[in-house]
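Beneath this line is the structure, given in structure tokens, with notes to follow.
This structure is a prediction, so every number in the text was calculated from the model and none was measured.
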Amino acid sequence: MPTSDSDATVPVHRLFEAFGAGNMDGILSVLAENITVKAGNPEHASKVPWYGTYKGQSGAQDFFTELASNVETEAFAVEDVVGDGSLAFASGHLRHRIPATGRVFESDWALRCEVTDGKITHYQFFEDTAAAQDAFA
């Protein structure tokens with residue numbers, strides 16, 4: 001983990017740690033009050049429950065709760081986290097089993113975060129949306 005709290009990657013590392021531990025308070029502690037969360041393509045929200053745009057901490061909580069309640073994570077690897085000024089980028093690989101269908105969703109992923117005053121203000125997650133939709137079909 002980076003050593004400087006002014007580094008935009010610090011809250012991203014803390015977010016991953018909190019999510020991995022199932023610690024919603026830890027997740028919310030690194031998110032700005034006015035955060036915007038974007039996941040997948042909102043047009044596919046009827047097929048993948050967590051896809052959409054969420055506003056504010058309550059919206060972010062809804063996003064993370066929706067995600068956690070619809071997958072059994074078999075693997076989630078964070079391979080890179082880099083920052084530049086107020087931007088942080090992360091990438092890795094995931095493998096989720098979808099309890100509703102028993103199917104597996106596996107994808108490389110990328111995350112782009114904007115950070116202000118040590119809090120994530122914009123969170124956008126990219127993954128193989130076609131594979132996610134197939135896992136729910």
Side-chain angles (χ1 to χ4, degrees):
M1 183 167 175
T3 57
S4 169
D5 281 339
S6 64
D7 185 336
T9 65
V10 170
V12 174
H13 282 285
R14 290 183 179 150
L15 174 74
F16 287 135
E17 290 169 9
F19 187 75
N23 178 355
M24 185 61 73
D25 289 338
I27 292 169
L28 295 175
S29 75
V30 298
L31 305 180
E33 290 289 329
N34 64 341
I35 186 165
T36 298
V37 173
K38 293 183 178 183
N41 184 339
E43 294 175 11
H44 301 266
S46 64
K47 296 177 184 174
V48 180
W50 61 86
Y51 281 4
T53 300
Y54 301 81
K55 301 282 188 173
Q57 280 200 348
S58 65
Q61 184 169 357
D62 291 345
F63 163 73
F64 286 107
T65 299
E66 194 68 36
L67 174 61
S69 66
N70 281 284
V71 302
E72 294 171 356
T73 300
E74 295 180 351
F76 188 86
V78 179
E79 296 165 359
D80 296 296
V81 180
V82 296
D84 184 18
S86 64
L87 294 177
F89 298 89
S91 63
H93 189 82
L94 61 81
R95 179 181 168 91
H96 297 310
R97 183 163 305 278
I98 308 303
T101 64
R103 299 180 91 183
V104 170
F105 164 45
E106 190 163 4
S107 175
D108 290 329
W109 60 264
L111 173 65
R112 178 189 183 274
C113 291
E114 295 175 19
V115 177
T116 302
D117 297 328
K119 301 277 186 173
I120 299 170
T121 59
H122 187 270
Y123 170 107
Q124 188 163 9
F125 197 86
F126 303 90
E127 61 192 5
D128 183 342
T129 57
Q133 289 178 66
D134 287 348
F136 278 94

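Remark: side-chain polar atoms of Thr129 are not paired, donor with acceptor, to backbone N or O of Gly40 under 3.5 angstrom. In this structure, Thr121 contributes its side chain and Glu114 its backbone to a donor-acceptor pair below 3.5 Å.
For the atom pair CG (Leu31) and CD (Gln57), the distance works out to 6.0 Å, reported to the nearest 0.5 Å. In this structure, OH in Tyr54 is found 13.0 Å from OG1 in Thr36, a value given to the nearest 0.5 Å. Rounded to the nearest 0.5 Å, atoms CD (Gln133) and OH (Tyr51) are 7.0 Å apart. Rounding to the nearest 0.5 Å gives a distance of 11.5 Å between CE of Met24 and OG of Ser29. If you take CG on Leu111 and CG on Asp80, they are separated by 12.5 Å, rounding to the nearest 0.5 Å.
When the ring pair (Phe, Tyr, Trp, His ring centres under 6.0 Å) test is applied to Phe125, the partners found at least two apart in sequence or on another chain are Trp109. Remark: Ala130 engages Asp128 in a side-chain contact (heavy atoms from CB on, under 4.5 Å) (not counting sequence neighbours). Contacts of Asp134 classified as side-chain contact (heavy atoms from CB on, under 4.5 Å), with partners at least two apart in sequence or in another chain: none.
Gly85 approaches Ala8 most closely through the heavy-atom pair O-CB, 3.3 Å. Residues Gly26 and Ala18 share a closest heavy-atom pair of C-CB, 3.5 Å.
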Side-chain donor-acceptor pairs under 3.5 Å in residues 90-97, sequence neighbours left out?
{"from": "His93", "atom 1": "ND1", "to": "Ser107", "atom 2": "O", "distance (Å)": "3.4"}
{"from": "His93", "atom 1": "ND1", "to": "Asp108", "atom 2": "OD1", "distance (Å)": "2.7"}
{"from": "His93", "atom 1": "NE2", "to": "Glu106", "atom 2": "OE2", "distance (Å)": "2.9"}
{"from": "Arg95", "atom 1": "NE", "to": "Glu74", "atom 2": "OE1", "distance (Å)": "2.6"}
{"from": "Arg95", "atom 1": "NH1", "to": "Glu106", "atom 2": "OE1", "distance (Å)": "3.0"}
{"from": "His96", "atom 1": "ND1", "to": "Thr73", "atom 2": "OG1", "distance (Å)": "3.1"}
{"from": "Arg97", "atom 1": "NE", "to": "Glu74", "atom 2": "OE2", "distance (Å)": "2.8"}
{"from": "Arg97", "atom 1": "NH1", "to": "Gly102", "atom 2": "O", "distance (Å)": "2.8"}
{"from": "Arg97", "atom 1": "NH2", "to": "Glu74", "atom 2": "OE2", "distance (Å)": "3.2"}

Would you list the atom pairs, donor with acceptor, under 3.5 Å between side chains in residues 59-66 and any protein atom, with sequence neighbours excluded?
{"from": "Thr65", "atom 1": "OG1", "to": "Gln61", "atom 2": "O", "distance (Å)": "2.8"}
{"from": "Glu66", "atom 1": "OE2", "to": "Asn70", "atom 2": "ND2", "distance (Å)": "3.0"}

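By the 4.5 Å heavy-atom criterion applied to side chains, Trp50 and Val71 are counted as neighbours. The closest side-chain heavy-atom distance from His122 to Lys38 is below 4.5 Å.
In the hydrophobic clustering, where aliphatic and aromatic side chains (Ile, Leu, Val, Met, Phe, Trp, Tyr) are joined below 4.5 Å either directly or transitively, Val82 groups with Leu87, Phe89.
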- request: Take Ile27 and Leu15 through the side-chain contact (heavy atoms from CB on, under 4.5 Å) test and state the conclusion after the steps.
  value: CA-CA 5 Å; Ile27 292 169; Leu15 174 74; 3.6 Å; yes
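Residues Phe19 and Ile35 fall within the same hydrophobic cluster, defined by Ile, Leu, Val, Met, Phe, Trp and Tyr side chains chained together at heavy-atom separations under 4.5 Å. With hydrophobic clusters built from ILVMFWY side chains whose heavy atoms lie under 4.5 angstrom apart, Phe16 does not share a cluster with Phe126.
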